[in-house]
Each structure stands twice: as structure tokens, then as C-alpha cells.
J.: 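Take this structure, written in C-alpha cells, and hold onto it; I'll ask about it next.
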Amino acid sequence: MGTKWKSSLTFFLIMMLLTYGISGLFSGAANGDRYLFKNYFQSNEFQERLNYFTNLLSLYELNGTTKEEAKENITVSAEEIEEHRYRYGSLSDQIMNIESQYEEEIFAAKENGNSEVEKVLTEEKNKKIADITMNFKDDEHVRKKLIAEKERNIDQFFEEIYMYPKSEYEANKNQFVYYLKSTGSEEVHTNLQLSEKDDPKEFINQKDMYYIENYSGSRGYINSTDGFHYFGSSDITEDLIRGDETRFTGQIALSKNAPADSETMIEFRDFQKSQALYYGHSLSGLAALFISVFLLRRRPLFEPILKSKWAQMYLRLPLDVRILFTGIAFVGSIICMFGVIDYYPFRYGYEWLYAFIFLVIGTLFIAALIVQAVLLIHLFKTEGHFKAEWKTTILYRIAKAVADAFLIQKVGIQLLILLGIVFCFGVGAAVVIVQPAFLLIYFPAFLLIGLPVVLFMFKRIGYFNKIVENSNDIMLGNLETDLPVNGKTALATLASNMNALKHGVKTSQQKQVKSERLKTELITNVSHDLRTPLTSIISYTELLKNPNLSEEERASYVEIVDRKSQRLKILIDDLFEASKMASGNIDLVKQNADIAQLLQQALAEYNEAISQSSLQFRVTYLDEPVYAVVDGQKMWRVFENLIGNILKYSLENTRVYLSVKKIGEHVIISFKNVTKYELSENTDELFERFKRGDSSRHTEGSGLGLTIAKSIVELHGGQLEIDVDGDLFKVTIILEAK
């Protein structure tokens, strides 16, 4: 435990050193334009203070305009007269306005019988109307009124505004030394104690002054009207500035004998202290930064932290949350770095304390930022890991949830509309609580919109619950009740799909039952068909072991064993071939073949059997060859199987019809015969393995002929169909013609 704490403390101290180094860089970057290679007199603070004193000097000494002089300089322009005349509208508008102002008061006085008040009000009204009328008749009348108004404004300016900054001017005169001379006369303004023979340059020099500002024709002037700009732009200041303007050249300087407690000198000392702190902080911070980086590279401090349980817990957070925490750590680090340097020049002890607190908090933020950055960089470098992590983010989940909500666009739009309505009514309820008068709007809106929406939602939820309940019934095996399908909504589609699924399950169950039955029959039939010849072989083999057999008996038994062996071989070969056909594991050697010729070859193979039978074959061909791209050997096997079945299962003394036709792009081969056995109307059973038309299984067939034939035709991309009409049995083969 001691080693662990020691490692953590070492890491924190290095992080604190790193944080101090970064704060030094921040100090260098943030305050470089203020302290780097500059002194106080080049700073904005001093230049603003100097300009302020210059304006005050211009206002109270260089200008010297009195209230009486300002009144004498008053002028009134034609535009001002016109503006005053129409300030409240035309003459008729102004008269109507005055009439309306006095109408009620005069009427009330008249009703009360107070004739004196009525007379005074009437005279007052008529006087105003006469004055307004005179405004539109006589420019001089308006000019006098405007002059009087401006004189009142000048009185107010000098009594209330002009004298306000004068105390600051007197205070600044003790700090600054000035000597200014008019450019148009010998008028001099100075606070130096000079005789006529004294040269002001002997008093205003670099030895006795901190700073000297020269005003000359090439570098600018001080105007006697500059001070009025301190009060902004107004009609009064414009009238004051309108007087004669005098330009002054000379010098204004900050004396080294300025009072130590003056604002300028306090600011000067603070600047020097701050500048020293700036250089010390920046340079020591740069050194601390190099040392901390060196220590971080030499000591494996990150590995224990990255392997700690806290890091493992952190890695379980979603990626965007981790990125957010990294961003918070970055912003916190920036704020703390500015907090460290915000207290220059640290006049008071609590400012040092605040700076240290910001340094410690900044250390925590920077340590968190670096650890998180290392984890994120490791994640980005791991190939494929970032994509997997991204899928765990809250943003991805929200985006996926929104995408899933709009997977069916209609449902997503309905959801947005419903949420919007619910939100609006929620806000409306809050508004009604604050302003009950809105209930007159809210209640009808709720009845017309809100209540139907609530009913709609409950109806949809109920429908959804029915679907869920029905799915539970399907899971439990209850497949009887169908869901109602109402409308064309997504829920209706879901209900329809559930019904289809249920019917599919029922069909699947029926097929499964049928499959089990067929499997049982297959095993039974295979066992029977294979056991019969095998039993004969075993029996006659035992008989052949008898040494007392005659040659005729022995030859007869050998012939029977041979016949049964051939029979067993045929059964096994057909079984393997049927399996290969069903799995598609067979190669076809296709070529262009005449279908009619293949059928003739198959008939030729059975020529003797056909002659010995009582059946009459009727074969119909086209006059021209009918070609198809087929494997001739396999297709010949199809014809052979079908003709063999006809010979085995046709009723004696009946006709058999075979035909080859070409209809459009297809070749149609048909086989028709009358069966000797009664067939089921379910023709699919005839394609089942080991299924025979002879249900007693007395014939020599394997029961695989039709299965093999159908598989071969389908491998060629064709179709083999069976039709049964009473005892009439018809097989139709459809192939694509060449």
C-alpha cells in the first residue's frame, strides 16, 4: 500500500510541476502583448490616463469657455426652426391636439359652474394656440424660443455636468507637468514655476521625468475643444465646440516628483511588479515544463494508473461520455490556467491563495485530461476497436433509436406528432396555472384535440396488448383464434403477419406430422423391399450347402440367388441414385439433343417387352426434330423409368399414348395410360420414395422411378407433372426448347 501511495503522490507532484509549466506558457501567451519588451508608459493604461488628463486640461484650462461666452455663441439654423415648427405635426394637427387636451377640463369646469377655472383654462388654451400659430407665421418667434431653450440647456450643463470631473483634473495636475503654447499667439499654459528667461526644456527632461509626450505640428496638436468630446456628441457640446478653436504645441510629462500615492504612480509600481512576475513566471514555467516532461518519459507512471480498478471502471463508460469528460477536463484546465494568472500583480495575500488554489485544481484537471487522452489515443490506435466502442455510445443509441422509430416512417411521424401534442398540452397546463384566463383556450383545445389523442393512444396500446397476448398464445400452442386486422397501420400489418405466422406454424406442424408418417413408411418399405430378396438369398444359400442336392436343383437355386442378388443390386443402386438426385450432387453433361430420337431409343429398349404385352402404344412425333439442351443419358433414364412403369402398372388390353410437342419456347413430352391399380387423388404421394401404384408391393419395381425421373427433370430446369383422372394416369415433362 505504501508503494502505491508513493507512486500516486509522485505522479501528482509531477502533474503539479507540469501544470505550473503550462500556466507559465499561458502567462507568456496571454500577457505578452502587455509586458513583453514594454514598459508602463507604453501600456494602454498609461496612454488612456494621459489622454484623459489631456482632455481635462483642454476642457478646464486651454478652452476656458464660460457660460456667458457659450450663450453668445448660440446659433439657430433654418433646419432647426423647421424641425421645431413641425415637431408635433402640422398647424391643424397641433391645434386639434391642444383643443383635445383642454376639452374635458373646460367642460367639467363649465358643468360645475366654476367660471373662473373655465376662464383660466380657456385663456391658457388660447395662448398656446396663438403661440403655435405664431410658430408657423414668424421665424424670429421660433428662433427666440430655440435660443431660450439652448440657454437653459447650457445653464444646466455648466451647473450639473461640466463641473463633475473638475476634481479629477485638479488631482491629475499634481502628477503631470505641462508646458503648452498656442500656435497662433504667444499664449502659454503651464504648471511650471517659470520666469520669462527660463527655458522649459531645462525643467522637462529625461532626468527629472518618467515620461515626456511631445506635441508638435508633425506629431499632432492639442485642441482647445478636445475636452468637450469627453461628454459625447449633443446639441450643447456642438454649440460649445462651434466657437473659436485654438491649437497648442508643447509637452506633457509625468514627473518623478509625482505623489507616491497618486493613481498613476500606484499603477506604475503595479505594472513593474506584474512585469517582473510575468518574466519570472514564464521562464520558470518553461523550465518546469521541460523537467516534468523529462520525468514523465523516464518514469512509467501511467501504467499503474491505466491498470487500476478506476481506469477499468472508466473504460466501461460509453465512448461519448468519456469524450465529454475529456472535454470538461480540457475546459477546466484552460479556466484554471487563466485563473492562475488573473491576479497579477498579487497585491494581497488572498490573491496568492486563490492563484495556488487554481493551480491545485488545474493540476487535477490536467492529470485527468492526460490520463483520459492516453486511454483515447490507445483506443484510436487499436484497429477495429473504435468502431465497436462507437456502437456503445449514447449518441449512437439515440440515433439508432430514432432510426428504428422511423423504420416505418408513418409510425415515426405519428410518434413525433403525439409527443408534440402532449408537450404542448403540458406547457399549456403550466401556463394555465400561472394565468388562469388561458383556461378559456386550453379547455376547448383539450376537448377537441387532447382528449381524442388520449383515446387514440389508449386504443393503439390496447390493440398492441392484444397482439402481445396472441403471440403468447402461439408460444403456448393455441393456434385457433385470429387477430382482427383493422386499417392499414403498422399494428394492423403486425396483426396480419401474426395471423400468417400462426397459419404457417399450423401448416408446418401438419407437414411435420406427414413427414413423420412418411419416414415411418419409408423405413417400413425399405425394410420390406430389401429384406425380401435378402431373405431369399440367405434361404437358398443355406439350401446350397446341402451336399445331397442334385445338379438340377443346385443350378435352379443358383439361378434364384443370382436373380435375387440382381434385384437387391437394383434396389440399392436406385436408392443411391435417388439420394444423389435429391441432394443435387450429380454432374450433367448437357448437349443439344433431339428429344423425339431419345424417346424412340427408350422405346426400342423395351421393344420385346412391349411386343409381349397386351398394350397398344400410340406414339405421336412432329415432322421436324425437337431439340433441347439436356444430358442425353440422364434424360434417356427418365424415359426408361416412365415406360417401365407403364408396362408394370397399365391395365391389360389398353392403349398407351406418347407424344412430343413444341409449344412456344418449351418441349412438351406426355405419357398417358390406364392403370390396373386404383390410385389416390393425391398425386404428390406417387413422388414419395418407395411409393408404388401397387400398394400390395407384389411388383418388381423399387418405388423410386418417378422420384428419380422428377429429380433429373428438375436438375435440367424443367418440370415433371402428374395428373390422375379416375384410372387415367398422365405424366407431362416440360423442358426449355433450343
J.: What donor-acceptor contacts under 3.5 angstrom involve side-chain atoms of residues 25-35, with partners at least two apart or in another chain?
T.:
{"unit_1": "Ser27", "atom_1": "OG", "unit_2": "Tyr344", "atom_2": "OH", "d": "3.0"}
{"unit_1": "Arg34", "atom_1": "NE", "unit_2": "Glu45", "atom_2": "OE2", "d": "3.1"}
{"unit_1": "Arg34", "atom_1": "NH2", "unit_2": "Glu45", "atom_2": "OE2", "d": "2.6"}

J.: So, using side chain to side chain contact (heavy atoms under 4.5 Å, CB included) as the criterion, who are the partners of Phe325 when residues are at least two apart?
T.: Tyr314, Leu317, Val321, Ile328, Gln372

J.: Does Phe456 CZ have over 12 foreign heavy atoms under 6.0 Å away?
T.: yes

J.: Asp208: what forms a side-chain hydrogen bond (donor to acceptor under 3.5 Å, both in side chains) with it, not counting sequence neighbours?
T.: Asn205

J.: Under the side-chain hydrogen bond (donor to acceptor under 3.5 Å, both in side chains) test, which residues partner Thr19, sequence neighbours left out?
T.: Thr363

J.: Could you tell me if Tyr52 and Glu168 have a donor-acceptor pair between their side chains, going purely by distance under 3.5 Å?
T.: yes

J.: Sequence neighbours left out, what passes ring-ring contact (aromatic ring centres under 6.0 Å, His included) with Tyr40? Give chain and number order.
T.: Phe46, Phe268, Phe271

J.: How would you list, by chain and number, every residue that makes a side-chain hydrogen bond (donor to acceptor under 3.5 Å, both in side chains) with Asp270, sequence neighbours excluded?
T.: Arg347

J.: Is it the case that the side chain of Gln251 and the backbone of Ile212 share a donor-acceptor pair, with hydrogens and angles ignored and the cut-off at 3.5 Å?
T.: no

J.: Quick one: list whatever passes salt bridge (Lys or Arg N to Asp or Glu O under 4.0 Å) with Arg316, sequence neighbours left out.
T.: none

J.: Is the His189 to Tyr179 ring centre distance short of 6.0 Å?
T.: no

J.: With sequence neighbours left out, what residues match Thr54 under side chain to side chain contact (heavy atoms under 4.5 Å, CB included)?
T.: Leu50, Tyr215, Ile222, Ile252

J.: Is it true that Arg87 and Glu80 have a side-chain N and a carboxylate O under 4.0 angstrom from each other?
T.: no

J.: Residues in side chain to side chain contact (heavy atoms under 4.5 Å, CB included) with Asn191, at least two apart?
T.: Val177, Tyr178

J.: Search all heavy atoms of Met265 against all heavy atoms of Pro259 and return the closest pair with its distance.
T.: CG-O, 3.2 Å

J.: Can you pull out every salt bridge (charged side-chain N to carboxylate O under 4.0 Å, His left out) where at least one residue sits in residues 318-332? Sequence neighbours excluded, please.
T.: Arg322-Glu389

J.: When you compare the side chain of Thr264 with that of Phe176, does any pair of heavy atoms fall below 4.5 Å?
T.: yes

J.: Taking the six-membered ring for Trp, is the centroid-to-centroid distance between Tyr350 and Tyr354 below 6.0 Å?
T.: yes

J.: Taking atom CZ as the centre, does Phe330 end up with more than 12 heavy-atom neighbours from other residues, nucleotides or ligands that are less than 6.0 angstrom away?
T.: no

J.: For Glu149, check salt bridge (Lys or Arg N to Asp or Glu O under 4.0 Å) against everything at least two apart and list the hits.
T.: none

J.: Above 12 or not: heavy atoms from other molecules or residues under 6.0 Å from CD of Glu263?
T.: no

J.: Is the number of heavy atoms from other residues, nucleotides or ligands under 6.0 Å of Tyr88 OH greater than 12?
T.: no

J.: With Phe423, which residues qualify under ring-ring contact (aromatic ring centres under 6.0 Å, His included), at least two apart?
T.: none

